[in-house]
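Just so we're on the same page: letters track the sequence lines, and every chain starts at 1.
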Amino acid sequence: MYDGIKGFRDFYPAEMAAHREVIDTVEDTAQQYGFREIATPALEETRLYVEKSGEEIVEDLYSFEDQGGRDVALTPELTPTVARMVVAKQQALAKPIKWYSTRPFWRYEEPQQGRFREFYQTNVDIFGSEEPEADAEILAFAADALTNLGLDAEDFDFRVSHRDILGGLLEAFDADIDTRAAIRAVDKSEKIEEAEYYDLLTDSGLSYEQAEQFDDLLATDDLGELTDFAGTDRVADAVENLQAVLDAAEDFGVREYCTLSLETARGLDYYTGVVFECFDSVGEVSRAVFGGGRYDDLIESFGGQPTPAVGVAPGVMNSTLPLLLQRAGVWPEEELSTDYYVLQVGDTRPVAARIARELRQEGNVVETDVSDRSFGAQLDYADSINAETAIIVGERDLEDDEITVKDMASGEQVQVPVDSFPGDRGRPTYDDFD
RNA sequence: UCCGGGUUAGGGUAGUGGUUAUCCUUCAGCCUUGUGGAGGCUGAGACGCGGGUUCGAUUCUCGCACCCGGACCCA
């Protein structure tokens, strides 16, 4: 016996069937918005992450030198990769570029609730539009994906904020402020004691009075108050932009899922405009379910022409979204499903095989005996794979040129002429002959 | 990396410094080449790994691995 690797998980068929349903729902939703699927490598050069995020990020990467001497890393996120792809074909791609991709990612972190070292995300991004409609479309996609999974407005909450509001307000104080540290403090404010929060703010350069004032400003519902306080174009523009995104979200039918929450900052440095995080309304899932936002400077920093971008990345496996779905009672059934089991009694293989083949050609899931098992054992097996219908092909039936169609749930069965089965019926069941 | 709690057949469990480690379930075969989700019989399957203490360790002890939480970090 071997242990698995810490933070990596196996998925067996029944559990995977539920995950498959979740992934398909999220991807179908993306396709309905016209997002196009891409595929990307599992390895990138380590410097792709180091140069954008700092040397300390290496601690959280699976990185190593390959046999050709290249420093490579398992991808911890998709954004740098898609940015690289956009830069490489920038002139060839019609804008806006709308892509999605579901894939595993790897981070060398300590596993915790809803967090593993290997996890799957569906990344959804729009490149080439700086309009608020693009931000709102990302919000709308995310909200639709969740409601298509069975969640409603009572279950989750998108906390929406704007990076320039935070940065602009800080800039408006007469102080030498470490903006990055201050934003990080804001991002933590919900999780830590108030005194600790104020300590972090004052550490970042604000006076105590300024920290209080800043905290008050973030709590406001009146965005105009922020504009008046700062008196700068930066804040005025950011407020206007955030309002425009929320207005668009209203028209897109998803405003009800969004809450203004300036305390939401996101830890990542490359965000520039609207940012948001999805939370469990009940709070049983203790950390953010997923997040997204605008990163208008990243493509240019990768050597491309200035290209605005906005995206979101729900985790679909080994992440907090499945926990939220379970908490809300909408997690799909973890069970196998099978349309037909074709049961053979005696040497009836030619007929059984023909029937199985024709049912499969109609798109059905069909199993038949490959273990030379007894009648009872075959029925047991058919039961274990949740077969809906058993087609009994027995020597006795065939003597009368018939087969037996059996409904597995009720046990009822009916004799049917073998020559006309399945015929042009796509998915015949017991009820069709009853 | 750090802190807390865990680890006994596939799943759930009982128990013990000393014979063949308990029970339920599961799985496989058979009764059963014509009726499963019922029953009977037979069989399979476990003390996470390594070191130490001991005549003897699944039990005590140390280290490691993995699991569940949490801190840090969060892309």
Would you say [Y] and [X] are linked by a side-chain donor-acceptor pair, where the criterion is simply a distance under 3.5 Å?
| X | Y | answer |
| --- | --- | --- |
| A:Y271 | A:D164 | no |
| A:Q415 | A:T404 | yes |
| A:S161 | A:T264 | no |
| A:E388 | A:Y341 | no |

What is the distance from [atom1] of [X] to [atom2] of [N], rounded to the nearest Å?
| X | N | atom1 | atom2 | result |
| --- | --- | --- | --- | --- |
| A:F116 | B:rG69 | CZ | P | 7 Å |
| A:D372 | B:rU33 | CG | P | 10 Å |
| A:Q121 | B:rC74 | CD | P | 15 Å |
| A:D125 | B:rA75 | CG | P | 15 Å |
| A:L379 | B:rA38 | CG | P | 13 Å |
| A:K6 | B:rC64 | NZ | C1' | 12 Å |
| A:L298 | B:rA75 | CG | C1' | 11 Å |
| A:R117 | B:rC66 | CZ | C1' | 11 Å |

Taking only residues two or more places apart in sequence, or in another chain, which ones meet A:F302 in a ring-ring contact (aromatic ring centres under 6.0 Å, His included)?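 Partners of A:F302 by the ring-ring contact (aromatic ring centres under 6.0 Å, His included) criterion come out as none, since no residue qualifies.
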
Please test A:F156 against A:F279 for ring pair (Phe, Tyr, Trp, His ring centres under 6.0 Å), starting from the C-alpha separation and ending with a verdict. CA-CA 6 Å; A:F156 68 92; A:F279 278 86; over 10 Å; no

Take atom [atom1] in [N] and the same atom in [M], then report the distance between them in whole Å.
| N | M | atom1 | result |
| --- | --- | --- | --- |
| B:rC2 | B:rA9 | C1' | 35 Å |
| B:rU22 | B:rC30 | P | 27 Å |
| B:rU19 | B:rC60 | C1' | 22 Å |
| B:rU26 | B:rC62 | C1' | 36 Å |
| B:rU7 | B:rC49 | P | 14 Å |
| B:rU59 | B:rA71 | C1' | 33 Å |
| B:rG12 | B:rG45 | C1' | 15 Å |
| B:rU8 | B:rU25 | C1' | 16 Å |

Could you check whether [X] gets within reach of a base, just the sugar-phosphate, or nothing at all, counting any heavy atom under 4.0 Å?
| X | result |
| --- | --- |
| A:G7 | sugar-phosphate |
| A:Q413 | base |
| A:Y108 | sugar-phosphate |
| A:L78 | nothing |
| A:T79 | nothing |
| A:A409 | base |

More than 12 heavy atoms of other residues, nucleotides or ligands under 6.0 Å from [atom1] of [X]: yes or no?
| X | atom1 | value |
| --- | --- | --- |
| A:R9 | CZ | yes |
| A:Y108 | OH | no |
| A:D66 | CG | yes |

Under 4.0 Å between a side-chain N/O of [X] and OP1 or OP2 of [N], yes or no?
| X | N | value |
| --- | --- | --- |
| A:Q113 | B:rC68 | no |
| A:R396 | B:rU35 | no |
| A:K188 | B:rC74 | no |

Within residues 8-19 of chain A, residues whose heavy atoms come under 4.0 Å of RNA chain B: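 Correct list: empty, so none.
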
Name every residue in residues 284-292 of chain A that has at least one heavy atom under 4.0 Å from any atom of RNA chain B, in order of residue number, or write none if there are no such residues.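 Under 4.0 Å from RNA chain B: A:S286, A:R287.
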
Pick the nucleotide of RNA chain B nearest each of A:G346 and A:R107; which residue has the one closer to the 5' end?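 Final value for this comparison: A:G346.
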
Salt-bridged, A:R47 to A:D71, with N to O below 4.0 Å?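 No, A:R47 and A:D71 are not salt-bridged.
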
Output the single nucleotide from B:rA28, B:rU35, B:rU33 whose closest atom is nearest the side chain of A:F375.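 The listed nucleotide nearest to A:F375's side chain is B:rU35.
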
Which stems, defined as runs of 3 or more consecutive Watson-Crick or G-U wobble pairs with both pairing distances under 3.5 Å, involve RNA chain B?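 Stems found: B:1-7 with B:65-71, B:10-12 with B:23-25, B:26-31 with B:39-44, B:48-52 with B:60-64.
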
Hey, is the main chain of A:D144 close enough, under 3.5 Å, to the side chain of A:T147 for a donor-acceptor pair?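 Here the side-chain-to-backbone pair exists.
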
Using a 4.5 Å cut-off on heavy atoms from C-beta on, say whether the side chain of A:T348 contacts that of A:L398.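 Yes - at least one pair of side-chain heavy atoms lies under 4.5 Å apart.
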
Is there a donor N/O on one and an acceptor N/O on the other, under 3.5 Å, for the side chain of [X] and the base of [N]?
| X | N | result |
| --- | --- | --- |
| A:D380 | B:rG36 | no |
| A:R115 | B:rC73 | yes |
| A:Q378 | B:rU35 | no |

If you look only at pairs with a residue in residues 121-140 of chain A, which of them pass as a ring-ring contact (aromatic ring centres under 6.0 Å, His included), with sequence neighbours excluded?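 Sorted pair list comes back empty.
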
Please report, to 0.1 Å, the donor-acceptor pairs under 3.5 Å made by any side chain of residues 128-135 of chain A, with sequence neighbours excluded.
| residue | atom | partner | partner atom | Å |
| --- | --- | --- | --- | --- |
| A:S129 | OG | A:E131 | N | 3.2 |
| A:D135 | OD1 | A:R294 | NE | 3.1 |
| A:D135 | OD1 | A:R294 | NH2 | 2.8 |
| A:D135 | OD2 | A:R294 | NE | 2.9 |

